[in-house]
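Here the structure is laid out as structure tokens; the discussion comes afterwards.
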Amino acid sequence: MPSIQDDVAIVRRLLRDAFNDLLKVKDRVTALESGKNGTSASKIKGHISLSSSNLFDGGVGVGLHVPLTDKTHARIEARTSTFGGNLDVTKVVFQKSQHDGRLKHTWSPFGATGDDIVPTLNPNAEQGLSQFVSKGCTTHQGCRGPAVGIDIGKKNGTRFATGILLGTSAQEGLATMLSGLVLAPTIDFTFGFVNACPLWSDAPNFRNAAIGAYRLEDNVFASGWISTRSKPADAIESCGFALSRYDRGDDSCRRIGFQSSQHREGGWRHEVEVSLTEPSIHGTDMHTGLTLALDKGQWSPSFGMRTIVKF
């Protein structure tokens with residue numbers, strides 16, 4: 001019959017084995033989180049946005065950032081125009097980064113937009129109430145469809161990006177070729193040029209834009225653009241300007257933006273946005289403000305609100 005000492009020894013051995021197993025599990029978890037064994041330390045990130053602004057895509061939007069490897073990730077977006085409606089996947093974009101992010105390959109089976117291919121230099125990206133503050137230069141906005149692109153950068157901030165968007169949803173013709181060049185003469189000032197060239201079009205309408213961003217102070221940014229199109233002859237398509245002040249890091253922002261755009265059939269539309277971003281609870285940003293549009297002699301004031309929950 002085993003003695004009490006034998007039972008104690010057995011229990012001690014079992015505890016020792018269990019402890020060793022726990023240490024092995026801990027080491028494997030640590031290896032996964034630190035990117036060993038060829039896996040990525042990043043986790044799936046995303047956001048849920050609820051918008052009531054009539055100058056932005058209203059309804060509910062969902063965005064996901066999914067790491068596939070340590071250098072490749074996918075961005076997935078879905079949207080419904082009505083609260084409680086079914087979500088439709090509107091974008092899937094894959095991007096691979098190499099050489100410390102200075103070389104990027106982008107490809108998309110559907111839903112890519114111009115800003116997925118060429119840079120916008122917009123410090124307010126996706127944070128405004130209106131399209132012109134959130135998206136910036138209109139040259140980036142007229143294309144949507146399957147795409148492939150490449151972005152090459154240097155340590156001094158110079159970047160060149162080009163790509164092709166396919167499908168009937170492109171600006172004109174069967175596809176649009178986008179190209180962008182960005183220069184950074186100083187750490188505070190960046191400017192660039194963007195070109196949109198329709199392909200396989202009987203009457204191509206080339207679009208060109210100059211874009212820029214300047215840091216006025218540590219927490220104050222100015223950005224703007226002017227865009228032209230070849231038809232009618234070198235006509236100004238749009239111009240815009242935005243001024244943003246960030247407080248408490250990037251948690252709080254006050255911004256004002258202005259845009260003028262010309263209709264294809266003639267006539268101008270002017271828009272102004274004054275908005276504020278404030279964090280409410282952990283991971284949630286509230287974007288509120290006023291937008292005012294003057295189109296064909298009629299004023300259209302609007303109060304806008306967007307809530308973005310990050311996870």
Side-chain angles (χ1 to χ4, degrees), residues 49-59 61 79-83 90 113-115 120-122 124-145 165 167-173 176 178 194-198 201-212 222-244 254-277 287-306:
S49 64
L50 296 88
S51 175
S52 64
S53 173
N54 61 3
L55 292 181
F56 203 85
D57 295 330
R79 175 167 294 279
T80 175
S81 58
T82 58
F83 294 98
T90 57
T113 52
D115 53 334
T120 65
L121 300 186
N122 179 18
N124 296 300
E126 302 299 336
Q127 295 186 12
L129 295 175
S130 56
Q131 290 280 9
F132 68 91
V133 171
S134 294
K135 299 292 186 181
C137 179
T138 54
T139 304
H140 299 81
Q141 300 177 27
C143 313
R144 179 179 289 272
L165 286 95
T168 56
S169 58
Q171 289 173 332
E172 297 177 9
T176 298
L178 284 165
V194 178
N195 170 265
C197 174
S201 173
D202 295 333
N205 190 2
F206 300 99
R207 306 170 72 199
N208 301 281
I211 55 179
S223 61
W225 80 89
I226 181 169
S227 176
T228 65
R229 60 174 179 253
S230 61
K231 296 180 181 180
D234 297 325
I236 294 179
E237 179 182 59
S238 69
C239 58
F241 175 81
L243 185 66
S244 308
R254 297 166 177 82
R255 67 182 64 84
I256 181 171
F258 172 80
Q259 172 185 262
S260 290
S261 56
Q262 186 174 190
H263 296 293
R264 287 183 177 272
E265 64 275 11
W268 286 83
R269 176 184 176 90
H270 308 286
E271 300 170 82
V272 178
E273 174 186 323
V274 179
S275 59
L276 169 68
T277 298
H287 306 266
T288 58
L290 296 173
T291 56
L292 183 64
L294 174 61
D295 192 359
K296 299 179 180 179
Q298 294 185 348
W299 291 95
S300 302
S302 174
F303 173 77
M305 179 181 293
R306 294 179 68 206

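The model shown is predicted, which means the values in this text are computed figures rather than measured ones. In this chain, numbering begins with 1 at the start of the sequence shown. Any value given below was found using the heavy atoms of this structure, including those in side chains, with hydrogens, waters and symmetry copies removed.
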- Query: CG/L290 to OG/S302 distance, rounded to the nearest 0.5 angstrom?
  - Reply: 8.0 Å

- Query: For T120, which residues count as a side chain to side chain contact (heavy atoms under 4.5 Å, CB included) partner, sequence neighbours excluded?
  - Reply: D115, N122, H140

- Residues passing the side chain to side chain contact (heavy atoms under 4.5 Å, CB included) test with S260, sequence neighbours excluded, are C239, F258, W268, H270

- For S223, which residues count as a side chain to side chain donor-acceptor pair (under 3.5 Å) partner, sequence neighbours excluded? none

- Message: Testing the basics here: between L178 and A196, what is the closest heavy-atom pair and its distance to 0.1 Å?
- Response: CD2-CB, 3.7 Å

- State, yes or no, whether a side-chain contact exists between R255 and T277 at a heavy-atom distance under 4.5 Å. yes

- Test side chain to side chain donor-acceptor pair (under 3.5 Å) applied to N195 - qualifying residues, sequence neighbours left out: N208

- Query: Taking atom CD of E237 and atom CH2 of W225, what is their separation to the nearest 0.5 Å?
  - Reply: 10.5 Å

- Can you list the residues that meet the side chain to side chain donor-acceptor pair (under 3.5 Å) rule with S261, with sequence neighbours excluded? none

- Quick one: side chain to side chain donor-acceptor pair (under 3.5 Å) partners of E273, sequence neighbours excluded? S130, S275

- Note on the structure: For C137 and I211 the tightest heavy-atom approach is CB-CG2, 3.9 Å

- From F241 CZ over to I256 CD1, what is the distance, rounded to the nearest 0.5 angstrom? 9.0 Å

- Search all heavy atoms of G289 against all heavy atoms of F303 and return the closest pair with its distance. O-CD1, 3.4 Å

- At their closest point, which heavy atom of G257 faces which heavy atom of V133, and how far apart are they? CA-CG2, 4.1 Å

